[in-house]
There are 2 protein chains.
Amino acid sequence: MIVRKKDSNSLVHDEVYKKLRDNILYGFLRPGDVLTLRGLASEFSTSVMPVRESVRRLWSEGALKLSVSGRISIPTLNSDKFNELIRLRKIIETELAVKAMPRAHKALIDRLELINGKMEFFAKSREASLYIGANMEFHRTLYLRAQSPVMLSILETVWLQLSPTIRFGLSENWNLLDKNEHDYILKALKKKDSEDLSILIDKDVSICENLFLLF
Amino acid sequence: MIVRKKDSNSLVHDEVYKKLRDNILYGFLRPGDVLTLRGLASEFSTSVMPVRESVRRLWSEGALKLSVSGRISIPTLNSDKFNELIRLRKIIETELAVKAMPRAHKALIDRLELINGKMEFFAKSREASLYIGANMEFHRTLYLRAQSPVMLSILETVWLQLSPTIRFGLSENWNLLDKNEHDYILKALKKKDSEDLSILIDKDVSICENLFLLF
DNA sequence: GAATTTTATATGTGATCACAAAAAAAAATT
DNA sequence: AATTTTTTTTTGTGATCACATATAAAATTC
């Protein structure tokens with residue numbers, strides 16, 4: 001029997017995908033963690049089919065690792081891969097920020113300031129997944145203005161690959177977040193200084209570089 | 001019954017994925033073409049299951065479009081999306097080329113020259129899918145030296161999204177390929193001039209921009 | 001004859017099953 | 001006690017089925 005949410009066209013495999021993705025994105029799964037189709041299926045109270053489809057999807061996004069025998073786990077990044085992903089963040093995010101800048105009017109900057117305040121609060125209170133969520137929301141809100149859906153979705157797969165590693169690097173390095181680059185980013189946005197903006201986005205991403213831990 | 005290739009650990013869904021991907025990549029499917037699970041299953045003489053998994057995978061790579069009701073088709077690009085993909089090619093390919101350059105020794109350049117000759121032949125003989133294949137091989141061979149697997153795989157999904165549109169733009173614009181930028185790229189590689197190399201890669205990708213046709 | 005309704009077919013989704021192969025657990029051996 | 005072998009359990013894959021719904025075809029109405 002096909003189970004659909006009432007009065008909605010959402011599909012089970014898509015719901016499972018979103019839940020699983022968010023668990024990875026907000027740091028509820030650590031690198032190396034092992035998952036099983038049947039385990040996930042019973043956790044999300046469904047059959048294995050929708051889980052299979054969402055696992056296949058997350059795997060092709062680099063968010064999950066499949067062993068040669070198909071065993072599912074959260075990837076552990078070596079430093080080469082980590083640096084590559086950081087470099088990708090820098091390239092794509094500076095591109096998106098510069099493209100968004102001309103369309104970043106007062107209303108948007110106000111919203112960014114609000115999100116930024118929220119993020120600073122979560123940094124102080126050491127709430128990792130809320131901090132990560134607010135940080136991503138800040139960047140995402142800005143980049144959405146670039147109106148470059150393909151780039152944004154690629155960036156999101158990059159985030160997805162970095163998240164578990166950064167999340168657990170964070171637990172032991174909260175002090176790294178003491179100074180908040182976002183304030184300077186907002187200033188550059190107000191001044192419409194794209195040169196500065198590029199450099200600052202690059203710098204902001206650089207902070208993450210120090211969160212790398214070997215597992 | 002599970003059907004595996006003898007003495008090999010290749011899986012059916014992976015084989016189906018590769019075949020379907022190559023059909024898209026080498027231009028055997030045009031934008032708008034409609035596919036069905038059962039149709040593909042019988043074409044590849046398998047059941048729908050492996051096809052479902054590979055279609056889901058190609059869809060998440062942007063190579064296939066799924067309608068709200070799940071109907072499968074080859075995406076048609078509007079000019080915004082096309083330009084975004086071209087921009088992505090430029091950003092990622094210049095990055096990879098520059099990173100590959102220090103490791104591009106004589107043996108590699110010799111191989112690139114060989115591939116380039118092949119490509120020029122297929123351009124003259126107007127064999128579109130062979131031309132596309134040789135062109136991709138040229139770029140891929142160079143970029144492999146950058147040893148950046150994540151970037152390369154992202155680039156490949158970008159190619160996958162552009163392929164069908166470019167392929168059928170090509171049929172009516174062979175003349176655009178008269179002058180071959182690859183020769184200059186090879187010169188820059190020999191001179192180890194990364195400044196020049198960036199510009200030339202950018203230029204080479206630009207040629208594709210003119211192959212955009214509305215369907 | 002064109003537009004609308006009805007019927008029939010095709011298609012994607014989710015559930016379930018069998019099976020091979022990989023892990024894990026248990027038993028036997030050294 | 002540690003290692004090897006055997007047995008059991010777990011797990012992913014591929015096949016098949018039922019079903020809802022979207023699309024196509026046929027019939028009906030105006």
Side-chain angles (χ1 to χ4, degrees), chain A residues 1-21 23-24 29 31-76, chain B residues 1-21 23-24 29 31-76:
Chain A
M1 181 109 63
I2 291 177
V3 182
R4 284 204 152 89
K5 272 191 170 176
K6 277 190 177 171
D7 294 322
S8 152
N9 59 354
S10 75
L11 297 169
V12 179
H13 71 80
D14 203 56
E15 294 297 317
V16 171
Y17 166 80
K18 284 176 189 154
K19 286 178 191 165
L20 196 45
R21 183 201 56 190
N23 272 296
I24 297 168
L29 293 164
D33 276 0
V34 174
L35 304 170
T36 65
L37 293 179
R38 288 170 178 84
L40 291 166
S42 79
E43 186 163 351
F44 297 130
S45 2
T46 176
S47 77
V48 288
M49 271 305 311
V51 178
R52 277 170 77 167
E53 306 230 51
S54 58
V55 164
R56 184 72 56 204
R57 193 172 157 195
L58 284 160
W59 166 71
S60 94
E61 292 174 356
L64 291 175
K65 180 187 168 190
L66 295 183
S67 77
V68 279
S69 66
R71 248 359 122 59
I72 308 152
S73 62
I74 306 294
T76 55
Chain B
M1 182 109 64
I2 292 176
V3 181
R4 285 201 150 92
K5 271 190 170 178
K6 276 191 177 168
D7 294 321
S8 152
N9 58 355
S10 73
L11 298 169
V12 179
H13 70 80
D14 204 55
E15 292 298 316
V16 171
Y17 166 81
K18 283 174 190 156
K19 286 177 192 165
L20 196 44
R21 184 202 55 191
N23 272 295
I24 297 169
L29 293 164
D33 276 1
V34 173
L35 305 170
T36 65
L37 294 179
R38 288 169 179 84
L40 290 166
S42 80
E43 185 162 352
F44 298 129
S45 3
T46 177
S47 76
V48 288
M49 271 303 314
V51 177
R52 276 170 77 168
E53 307 230 50
S54 58
V55 164
R56 184 73 56 203
R57 194 173 155 194
L58 285 161
W59 166 73
S60 94
E61 291 174 359
L64 291 175
K65 179 186 167 189
L66 295 184
S67 76
V68 278
S69 67
R71 249 357 123 59
I72 309 152
S73 62
I74 307 293
T76 54

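So that the names make sense, note that chain A is the first sequence line, chain B the second, and so on, each numbered from 1. The analysis underlying the following values was restricted to heavy atoms, covering all of them including side chains, and did not include hydrogens, waters or symmetry mates.
Taking 4.5 Å as the limit, some side-chain heavy atom of A:Leu66 sits within range of a side-chain heavy atom of A:Ile72.
The CG atom of A:Leu35 lies 7.5 Å from the OG atom of A:Ser73; values are rounded to the nearest 0.5 Å. The distance from atom CG of A:Leu29 to atom CG of A:Leu20, rounded to the nearest 0.5 Å, is 7.0 Å.
Both A:His13 and A:Ser69 lie close to DNA chain C; mapped to their nearest nucleotides by heavy-atom distance, the more 5′-ward contact belongs to A:His13. Of the two residues contacting DNA chain C, namely A:Arg38 and A:Ser67, the nearest-nucleotide position lying further toward the 5' end is that of A:Arg38.
Using a 4.0 Å heavy-atom criterion, one finds that B:Leu66 contacts no nucleic acid atom at all. Across all strands, A:Leu40 comes closer than 4.0 Å to no nucleic acid atom at all (heavy-atom distances).
Residues passing the side chain to side chain donor-acceptor pair (under 3.5 Å) test with A:Ser69 are A:Ser67, sequence neighbours excluded.
Among the nucleotides D:dG14, C:dA22, C:dT13, the one closest to the side chain of B:Leu37 is C:dT13. Side-chain proximity of B:Val12 to D:dG14, D:dG12, C:dG12: nearest is D:dG14.
As a whole-Å value, the separation of A:Leu11 CG from D:dA20 P is 15 Å. Taking atom CZ of residue B:Arg71 and atom C1' of nucleotide D:dT21, one finds them 9 Å apart after rounding to whole Å. Here C:dG12 presents its P atom at 14 Å from NZ of B:Lys65, a figure rounded to the nearest Å. Following rounding to the nearest Å, A:Ile72 (CD1) and C:dA23 (P) show an atom-to-atom distance of 13 Å. Between the P atom of C:dG14 and the CD atom of A:Glu15 lies a distance of 10 Å, rounded to the nearest Å.
Annotation: the terminal axes of the helix from C:dG1-D:dC30 to C:dT30-D:dA1 meet at 10°, where each axis is the rotation carrying the C1' atoms of four end pairs onto the next four (5 pairs per end, rounded to 10°).
Closest heavy-atom contact between A:Pro31 and A:Pro75: CB-O, 3.6 Å.
Of the residues in residues 41-58 of chain B, those placing a heavy atom less than 4.0 Å from an atom of DNA chain C are B:Arg52, B:Arg56, in numerical order.
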Return all side-chain donor-acceptor pairs below 3.5 angstrom for residues 38-48 of chain A, not counting sequence neighbours, or 'none' if the list is empty.
residue: A:Ser42; atom: OG; partner: A:Gly39; partner atom: O; Å: 3.2
residue: A:Ser47; atom: OG; partner: A:Met49; partner atom: N; Å: 3.4

Do any side-chain atoms of residues 52-59 of chain A form donor-acceptor pairs under 3.5 angstrom with protein atoms, and if so which ones, sequence neighbours left out?
residue: A:Arg52; atom: NH2; partner: B:Glu53; partner atom: OE2; Å: 3.1
residue: A:Glu53; atom: OE1; partner: B:Arg56; partner atom: NE; Å: 3.0
residue: A:Glu53; atom: OE1; partner: B:Arg56; partner atom: NH2; Å: 3.4
residue: A:Glu53; atom: OE2; partner: B:Arg52; partner atom: NH2; Å: 3.1
residue: A:Ser54; atom: OG; partner: A:Pro50; partner atom: O; Å: 3.2
residue: A:Ser54; atom: OG; partner: A:Val51; partner atom: O; Å: 3.1
residue: A:Arg56; atom: NE; partner: B:Glu53; partner atom: OE1; Å: 2.9
residue: A:Arg56; atom: NH2; partner: B:His13; partner atom: NE2; Å: 3.4
residue: A:Arg56; atom: NH2; partner: B:Glu53; partner atom: OE1; Å: 3.4
residue: A:Arg57; atom: NH1; partner: A:Asp14; partner atom: OD1; Å: 2.9

